[in-house]
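See structure below.
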Amino acid sequence: MQTKELNIQMVDLKKQYQKIKPDVQKEVLEVFESMACINGPKVKQFQEHLQQYLNVKHVIPCANGTDALQVALMALGLKQGDEVIVPSFTYVATAEVIGLLGLKPIMVDVDPDSFNITASIIEAAITPNTKAIVPVHLFGQSCDMEDIMKVASKYELYVVEDNAQAIGTDYFYKDGTSKKTGTIGHIGCTSFYPSKNLGCYGDGGAMMTNDDDLAQKLRTVANHGQSKRYYHDKIGVNSRLDAVQAAVLNIKLSHLDEYNTTRKKAADFYDTVLQGQPSIKIPTRIENSTHVFHQYTLCIKDGKREELQEYLRTKGIPSMIYYPVPLYKQKAFKKYIPDNFELPITEKLCKEVISLPMHSELDEEQLDYICSAVLAFFNN
Ligand SMILES: *Cc1c(COP(=O)(O)O)cnc(C)c1O
């Protein structure tokens, strides 16, 4: 076993950096030379690049993905106690900001195959107090946005997409046209946390919208509620993307499609070798979305997930459980959750999912080694 040499990482940012090092260093040094550390040309350039890439009218950069969600909800002018529908099978940030703003998170179950919320699940949770929906494109695959937008328009609800895990994903409408995820709802939010598909070397995030009025509100909220310098119309926050991170993102955005293609190739490799093993369910690929594989997530039947994870660890293979506890069972959300509340699919997924190493630098030797280890575990 040459686990040391193979040096398999969950996410290998060091190896990726080595390939873009001269470009990144040049771009970052320009920021230092100019000392335009906040806003300035690098941030503006990145904002324009991302608008072009996503084909969206406005990109508003901010400090991180959690801020993006918070600022988005603040810009909608919701009242205390308004209900916001959100999956329980997601990263905490998605629901946390709802509670933070005095809104009420209404947690719903997900589809067992896509891991995403659906229009019918959402519709069943709508009450007269519902004001918004936050669909999460979990692990890199789009929610069924055409149907979700129909429900939203029927009940006059806002849609804020959590696109932190799906930047670059294409969603296809029934008529064959497509849009990038994050540009379909009223506002899209994303994160540039280092391990995301488009990550910087620190914290970063952005909001996207095609609505001029919402764009103005997002910019105002993210900048101390300021409409004009030193004139503050409402309580806002300070959330900015710094220029050093924008410089890194300028380089990495130009590689995003290539990175996402490599991830998909790794996923194809995993699929080919692991499908057919009766204890493993490989990720379902839905028809109306591409998949950028932020995570490659298996479901392990027979209650053997923990044992498999331990076995892989002994072989030098990292793996992660996203997510081990449904948000509705977390202490922090207790006050929002009715007695005897249960989301059976979320519950089951939290017991069965395991994510294998996934990044842009995985090579065939590593993939082969990982797959052989997974199969060996079940065949012994
Ligand atoms: C990463 C992530 C966030 C938060 O982004 P940060 O930049 O870490 O604040 C929000 N939602 C989802 C689904 C995420 O994966």
Side-chain angles (χ1 to χ4, degrees), residues 1 3 6-13 87-92 94 109-116 136-141 164-166 193 195-197 262-286 291-330 343-364 366-380:
M1 290 293 157
T3 61
L6 288 179
N7 188 22
I8 297 168
Q9 307 288 323
M10 208 49 209
V11 178
D12 201 335
L13 293 171
S88 173
F89 191 55
T90 177
Y91 182 57
V92 64
T94 322
D109 221 342
V110 291
D111 176 83
D113 296 319
S114 68
F115 307 140
N116 283 333
V136 180
H137 306 305
L138 202 72
F139 303 150
Q141 196 164 232
Q165 301 190 1
Y193 185 78
S195 64
K196 306 288 185 190
N197 290 38
T262 323
R263 297 175 93 105
K264 187 176 163 290
K265 277 193 191 141
D268 292 346
F269 190 107
Y270 279 138
D271 274 4
T272 307
V273 184
L274 300 178
Q275 72 190 348
Q277 159 51 245
S279 301
I280 297 175
K281 184 182 172 200
I282 61 170
T284 304
R285 304 201 194 182
I286 61 166
H291 200 324
V292 296
F293 288 99
H294 176 61
Q295 298 297 342
Y296 182 86
T297 305
L298 301 172
C299 288
I300 304 297
K301 297 163 206 164
D302 320 331
K304 289 218 171 134
R305 179 185 66 182
E306 270 66 28
E307 252 179 275
L308 169 66
Q309 186 168 39
E310 184 48 37
Y311 178 81
L312 294 177
R313 190 179 296 132
T314 64
K315 301 284 170 196
I317 300 167
S319 63
M320 294 291 282
I321 311 296
Y322 301 118
Y323 296 91
V325 183
L327 291 185
Y328 75 87
K329 287 197 158 172
Q330 301 276 2
L343 299 175
I345 295 165
T346 298
E347 188 73 11
K348 189 161 181 280
L349 290 175
C350 288
K351 293 196 174 90
E352 292 186 348
V353 289
I354 184 167
S355 299
L356 297 181
M358 176 51 77
H359 52 81
S360 59
E361 310 305 312
L362 280 168
D363 61 39
E364 279 208 8
Q366 292 173 322
L367 287 163
D368 191 46
Y369 177 78
I370 298 165
C371 288
S372 306
V374 173
L375 290 180
F377 169 77
F378 287 105
N379 296 337
N380 280 337

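Just so you know, these numbers use all the heavy atoms, side chains as well, and skip hydrogens, waters and symmetry mates.
Of all the heavy atoms in Pro112 and Leu349, the pair that sits closest is O-CD2, 4.2 Å. Pro278 and Lys301 make their closest contact through O-NZ, 4.0 Å (heavy atoms, listed as atom of the first residue, atom of the second, distance). Considering every non-hydrogen atom in both Ser195 and Leu13, the closest pair reads N-CD1, 4.4 Å. Taking both residues in full, the closest heavy atoms of Asp111 and Ile345 are given as C-CG2, 4.4 Å, listed atom of the first, atom of the second, then distance. Here the closest heavy-atom approach between residue Gln165 and residue His294 is recorded as O-CB, 3.2 Å. In this structure, Gln9 and Pro318 approach most closely via the heavy-atom pair C-CG, 3.8 Å.
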| request: Please step through side chain to side chain contact (heavy atoms under 4.5 Å, CB included) for the pair Lys265 and Phe293, ending with a clear verdict. | output: CA-CA 10 Å; Lys265 277 193 191 141; Phe293 288 99; over 6 Å; no
| Between Leu138 and Tyr323, is a side chain to side chain contact (heavy atoms under 4.5 Å, CB included) present by the stated rule, with each step listed? | CA-CA 11 Å; Leu138 202 72; Tyr323 296 91; 4.1 Å; yes
| Can Gln366 and Glu361 be said to form a side chain to side chain contact (heavy atoms under 4.5 Å, CB included), step by step? | CA-CA 10 Å; Gln366 292 173 322; Glu361 310 305 312; over 6 Å; no
| said: Quick one, Phe115 with Cys299, criterion side chain to side chain contact (heavy atoms under 4.5 Å, CB included). Give me CA distance, side-chain angles, the key distance, then yes/no. | reply: CA-CA 11 Å; Phe115 307 140; Cys299 288; 4.1 Å; yes
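The closest donor-acceptor contact from the side chain of Glu310 to the backbone of Glu307 lies at 3.5 Å or more, if one exists at all. In this structure, Gln309 contributes its side chain and Ile354 its backbone to no donor-acceptor pair below 3.5 Å. For Asn379 (side chain) and Leu375 (main-chain N/O), a donor-acceptor pair under 3.5 Å exists by modelled atom type. Distance alone, capped at 3.5 Å, is enough to place a donor-acceptor pair between the Ser88 side chain and the Tyr328 backbone.
Counting only heavy atoms from C-beta outward, the side chains of Ile370 and Pro357 approach each other to under 4.5 Å. Two residues are said to be in side-chain contact when any heavy atoms from C-beta on lie closer than 4.5 Å; Lys315 and Leu312 fail this criterion. Annotation: side chain of Asp113 is in contact with side chain of Lys281 (closest heavy-atom distance under 4.5 Å). Side-chain contact between Leu298 and Val353 is absent, with no heavy atoms from C-beta onward closer than 4.5 Å. Side-chain atoms of Arg263 and His291, non-hydrogen and from C-beta on, never get closer than 4.5 Å to each other. Using a 4.5 Å cut-off on side-chain heavy atoms (C-beta onward), Pro283 and Asp271 make contact. Annotation: side chain of Leu367 is in contact with side chain of Tyr270 (closest heavy-atom distance under 4.5 Å). Using a 4.5 Å heavy-atom cutoff, the side chains of Val374 and Gln277 are not in contact.
Atoms OG1 and CD1, on Thr284 and Ile286 in that order, are 9.5 Å from each other to the nearest 0.5 Å. Leu362 CG to Ile8 CD1: the interatomic distance, rounded to the nearest 0.5 Å, is 7.5 Å. Here the straight-line distance linking atom CG of Leu308 with atom CZ of Arg313 works out to 10.5 Å at 0.5 Å rounding. Atom CG in Leu274 sits 4.5 Å away from atom SG in Cys371 (nearest 0.5 Å). Summarising the geometry, atom CZ belonging to Phe139 is positioned 9.0 Å from atom CG belonging to Asn116; distances are rounded to the nearest 0.5 Å. The distance from atom CD1 of Ile317 to atom CE of Met10, rounded to the nearest 0.5 Å, is 11.5 Å.
Residue Lys264 qualifies as open at atom NZ: its count of foreign heavy atoms under 6.0 Å is 12 or below. Remark: Tyr91 OH is loosely packed, at most 12 non-hydrogen atoms of other residues, nucleotides or ligands lying under 6.0 Å away. For OH of Tyr193, the number of neighbouring non-hydrogen atoms (other residues, nucleotides, ligands) closer than 6.0 Å is 12 at most. The environment of Gln275 atom CD is dense: over 12 non-hydrogen atoms of other residues, nucleotides or ligands sit within 6.0 angstrom.
Classification of Asp109 and Lys348 as a salt-bridged pair fails, no side-chain N sitting under 4.0 Å from a carboxylate O.
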